[in-house]
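Not measured: the values here are computed from a predicted model. Throughout, a chain's letter reflects where its sequence line sits, starting with A, and its residues are numbered from 1. We use all heavy atoms of the structure for the numbers below, so side chains are in, but hydrogens, waters and symmetry mates are not.
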4 protein chains.
Amino acid sequence: MIRKKEQILTSAIEIINRRGYTGTTMEEIAAELFMTKGSLYYYFKNKSDLLYQCHQFVVFQAIKDLEEILNSEGTAAEILTKMVAIHIEYAIEEKETFNLIMESKQFFNQEQLELVQKLWKNYEQLFAKIISRGIRNGEFQTKEATTARMFILGGLNWIQQWYKQNGRLAKDEIVSLYSDYIIKLLK
Amino acid sequence: MIRKKEQILTSAIEIINRRGYTGTTMEEIAAELFMTKGSLYYYFKNKSDLLYQCHQFVVFQAIKDLEEILNSEGTAAEILTKMVAIHIEYAIEEKETFNLIMESKQFFNQEQLELVQKLWKNYEQLFAKIISRGIRNGEFQTKEATTARMFILGGLNWIQQWYKQNGRLAKDEIVSLYSDYIIKLLK
Amino acid sequence: MIRKKEQILTSAIEIINRRGYTGTTMEEIAAELFMTKGSLYYYFKNKSDLLYQCHQFVVFQAIKDLEEILNSEGTAAEILTKMVAIHIEYAIEEKETFNLIMESKQFFNQEQLELVQKLWKNYEQLFAKIISRGIRNGEFQTKEATTARMFILGGLNWIQQWYKQNGRLAKDEIVSLYSDYIIKLLK
Amino acid sequence: MIRKKEQILTSAIEIINRRGYTGTTMEEIAAELFMTKGSLYYYFKNKSDLLYQCHQFVVFQAIKDLEEILNSEGTAAEILTKMVAIHIEYAIEEKETFNLIMESKQFFNQEQLELVQKLWKNYEQLFAKIISRGIRNGEFQTKEATTARMFILGGLNWIQQWYKQNGRLAKDEIVSLYSDYIIKLLK
DNA sequence: AATGAATGAGGCTTCATTCAT
DNA sequence: GATGAATGAAGCCTCATTCAT
C-alpha cells in the first residue's frame, strides 16, 4: 500500500522535526508510529533512506506550493513576497526535514545526495525564475542574480535560528520586512 | 601548559572542520594529534567539551578580528564591507566549528548552550554596532535594524552551502557582491 | 518470552555468585550464556538492572521458601530452626546475589534501592512473625524483638565469611548449633 | 617521614569510610588530601596497598583497644560487654575500612589476604579469650565456643546495615541489648 | 618529595540492521 | 505484512598506573 508508506512518512516527518534526526533512533520512530522496528524496515531500506524520503517529500510539497504561486497573477515583487511567505513557513514548521540540505553531505550517500541536490536546484530555480522575470520587466536591476538569489535564500533560512513562536514579531511581520529587504536588495 | 591545550584545540578544530563533529571519533582526533585517547581526556572532560572549546576558540578569535576592524577608520559601509570579508573567511575556513551555532542545541548541554549563545550575541553585536553607526550618520536608513541584521547574517552564513574553492567567483568577488547587497538592503 | 529472561537470570546469578559483581563484565556474562553483549541489553537495560533483577529474583524465591515453612505445623522453635536452615542455604549458595543488601547503596540507584529495601523488609518480617508468635505462645521472652531479630540475621549472614564446604562442621550441624544459640537468645 | 604516611592514612581512612572504596578514585583521595596522584604513589604502591594499610591500621588500633580492656578487672560478662561496645564503635565509625574483611577476597591479593586474615584472627582471638575465660570460671557454658563466637561477631557486624545516628535506639542502648543477647546465648 | 602529563587496557552502552517465523 | 529477538560494530569514557623532570 502506497497509502501506508505515505502515512508513515507524514508522521516520521513530524517526529524528526520535533526531535532531530541524529537524536532519534529507529526504535523511537517506530514506537511513536505504534509499529516495531522490523516493520519500519519493511517500508524503508535504511534510516538514511527514511530521512531521504522525508526530506524529498517536504521539499517536493514546497515546490508545488511555490509553483502555484509562480503561476498566479501579480508583479514580480508581489509574487516574490508570497514565495517568501511560503519558504518561511516551511523553514519554520518543517525545520529539520526541510533544512536538511544544509547538512546533506553528512547524512546522505552519493546517490541520494545527487537526487537531493537536484530537487533543491529545482527549488532554487523557482526563485531564479521570479527574479529574472523581475529583471526582464524592469522591476529589479541586479546583475549576478545567481549570487543574489543565494544570499537571499540564506537570509531566509537563517530564520530558523532565531524565530520563536510568540516572539516580538509575528510571522507575517517578518515576511513583510524580509520581502522589503529582498526587493531593495534586488534593485 | 596552557600552550599544549591550545595546540590541541587548533588541531582539533582543523580536524573537525574537515570531517564534521559527529563523523569524528575521539580516537581519530587523538591519532591525528599523535596522542592517545586517554591524553585527550586529560585536557578535555568530554567530546562535547572539546567541541565546545573548539567553537568558542574560533568565535572568540573572529570577534577579536572584527573588533579590530570596528575600531579602524572609515565609513560605516567601508567597515561593514571589511567585516563581511572576515565573516565569510571564517564561515568558509572554519566551517564546522564556526557554524556550530546552527546546531548548538543538538550538541551542547544547558550550561554550554548559554555560554555559546552569549558569545554569539557578542558576535552579532559587532554587526549591530556598525549598522547603528551607519544609521546615526545617515549612511543607512533601515528601521528594524535587528531583523535586518539577522537576515544579513543568514545570507552570509549560507555561503558555506555553495562556496567552492576555484568556483566561478573568487572569494573577494563574493565579498564585493555581498557587501553591495547588504548596503543596498540597509538603505 | 518470559522464560528466556528467567533463564538468563538463573545463569547470571550463578555467574555473579561465582565471580562477584564488580569482577564480572557484561561481556563475560554474555559469553557464558552463549549470547552477545547486545542480546543481553535486549533483556536488561543496564548492568545495574541485571544485578537488581538477579538479587530480587533470589530474595523473592527465598521469601517463598520461608513462607511455606511459616505456614507449616510446629512450635515456634521448630519452625524457626527450619527457617534458619533455609536462610543459611541461601546465604551460602547464592552468596553474592543474596547478600547484596549489604552493599546495596553502592550498586543500586534510588529507585532500585527502595524496591530492594522493601523486599528485604518483607524478608525480615517473616522472621519477625515467627518470633512474635513464639513470644505470644510463651516459647520466647525477648522484649525488643526487633533488635534481637537484627542481631540474629547478622549472625546468620556472617556464615558466608567463614563457611567452607567440607569444613569441620557440616551444614546441618551448623544449623543445629545456630538454632540453639538463637533460641537461647530469645528466652 | 613515617609521620606523613600516618597522616595520609588517617585522612584516607576517613575518606574511604565516607565514600566507599570502589567508589573513590585515587584522584579524589589525592585531591581531598591536597596532594597529587603522583605523590600518593610515592607513599603507597597501589590502590590496593593503600586500602590494605588503611584496613590494617584500623584493625590494629581496634585490637589495641580490646587488649586494654581484656587486661582490666571484671567478670567475663562485664569485660565482654565492654568489648562489644568497642566493636560496635569501630563497626559504625570505621565502617568501610574496618569491615573490609567481609569483602577481603575481592580487594586484596594473596599476600595481603594472608596478612589481613592473620590480623583478623588475632582480633577474633580476643573474643575467644574472654569467652573461654568465662567458660573456665563458670560464667558461660557453651560448647562449640568457636562457632558461637562467629555467630556473635556476625550479629555485631550486622549493625552497620541498620544503625542510624539519631535512630530509635542510642548506641549504648544497643550495646546493652546486644550484650544481653550474647551472654544469654553463651549460657 | 612532588608533580604534571601521558598511557592503555578495559568496560559499558547504543543502535542500525538482519532474519526466522 | 509484521514482529521479536539477536547481532556486532563502534564509540565514549574511566582510572590505576607510570615516569621524566
Presence of B:Asn46 side-chain N/O under 4.0 Å of F:dC12 phosphate oxygens OP1/OP2:
no
Rounded to whole Å, the CD-C1' distance (D:Glu28 to F:dA16) equals 13 Å
Does CD belonging to C:Glu27 count more than 12 external heavy atoms closer than 6.0 Å?
no
When the distance from CZ of C:Phe34 to P of F:dT7 is rounded to whole Å, what number comes out?
12 Å
Looking at E:dA1, which nucleotide sits across from it as a Watson-Crick or G-U wobble partner, both distances under 3.5 angstrom, or is there none?
none
Once you apply the 3.5 Å cut-off to both distances, tell me the Watson-Crick or G-U wobble partner of E:dT21, or none.
F:dA2
Nearest-Å distance, CD (B:Glu27) to P (F:dA9)?
16 Å
With a 3.5 angstrom cut-off on both distances, give the Watson-Crick or G-U wobble partner of F:dG8, or none if there isn't one.
E:dC15
Are D:Lys47 and D:Tyr21 in a cation-pi contact, defined as NZ or CZ under 6.0 Å from the six-membered ring centre and within 45° of the axis?
yes
Donor-acceptor under 3.5 Å (D:Asn99 side chain, D:Lys95 main chain)
no
Between C:Phe98 and C:Tyr123 (judged by ring centroids, cut-off 6.0 Å), do the two rings come close enough to count as a pair?
yes
Kindly give the heavy-atom pair with the smallest separation between A:Glu28 and A:Thr24, and that separation in Å.
OE1-CA, 3.5 Å
Closest to the 5' end of DNA chain E, once A:Thr24 and D:Tyr42 are matched to their nearest nucleotides, is D:Tyr42
So, does A:Ser39 get its side chain near the phosphate of F:dT3, meaning an N or O under 4.0 Å from OP1 or OP2?
yes
Residue whose nearest DNA chain E nucleotide is more 5′ - C:Gly38 or B:Gly38
B:Gly38
Does E:dT3 have its OP1 or OP2 closer than 4.0 Å to a side-chain nitrogen or oxygen of D:Thr36?
yes
Between C1' on F:dA6 and NZ on C:Lys5, what's the gap in Å once rounded to a whole number?
16 Å
Atom CZ of B:Phe44 to atom P of F:dC12: distance rounded to whole Å?
15 Å
How long is the line joining CE of A:Met26 and P of F:dA5, in whole Å?
19 Å
Report the residue (C:Ile8 or D:Thr25) whose heavy-atom-nearest nucleotide on DNA chain F is the more 5′ of the two.
C:Ile8
Could you state the CD-P distance from D:Gln7 to E:dA1, rounded to the nearest angstrom?
12 Å
Nearest-Å distance for atom pair CG/C1', residues C:Leu50 and E:dT13
14 Å
Does A:Lys37 get its side chain close enough to the base of F:dT3, under 3.5 Å, for a donor-acceptor pair?
no
Residue-level proximity of residues 104-115 of chain D to DNA chain F when a heavy atom falls under 4.0 Å
none
Consider side-chain hydrogen bond (donor to acceptor under 3.5 Å, both in side chains). Of B:Gln110, B:Gln117, B:Lys118, which one does B:Glu114 pass it with?
B:Gln110
Per atom distances to the A:Lys47 side chain, the nearest of E:dA16, E:dC12, E:dT3 is E:dA16
Do B:Phe108 and B:Ile101 have side-chain heavy atoms sitting under 4.5 Å apart?
no
Pick out which of A:Lys45, A:Lys5, A:Glu6 makes a side chain to side chain contact (heavy atoms under 4.5 Å, CB included) with A:Gln53.
A:Lys5
C:Tyr41 side chain N/O closer than 4.0 Å to the phosphate oxygens (OP1, OP2) of F:dT7?
no
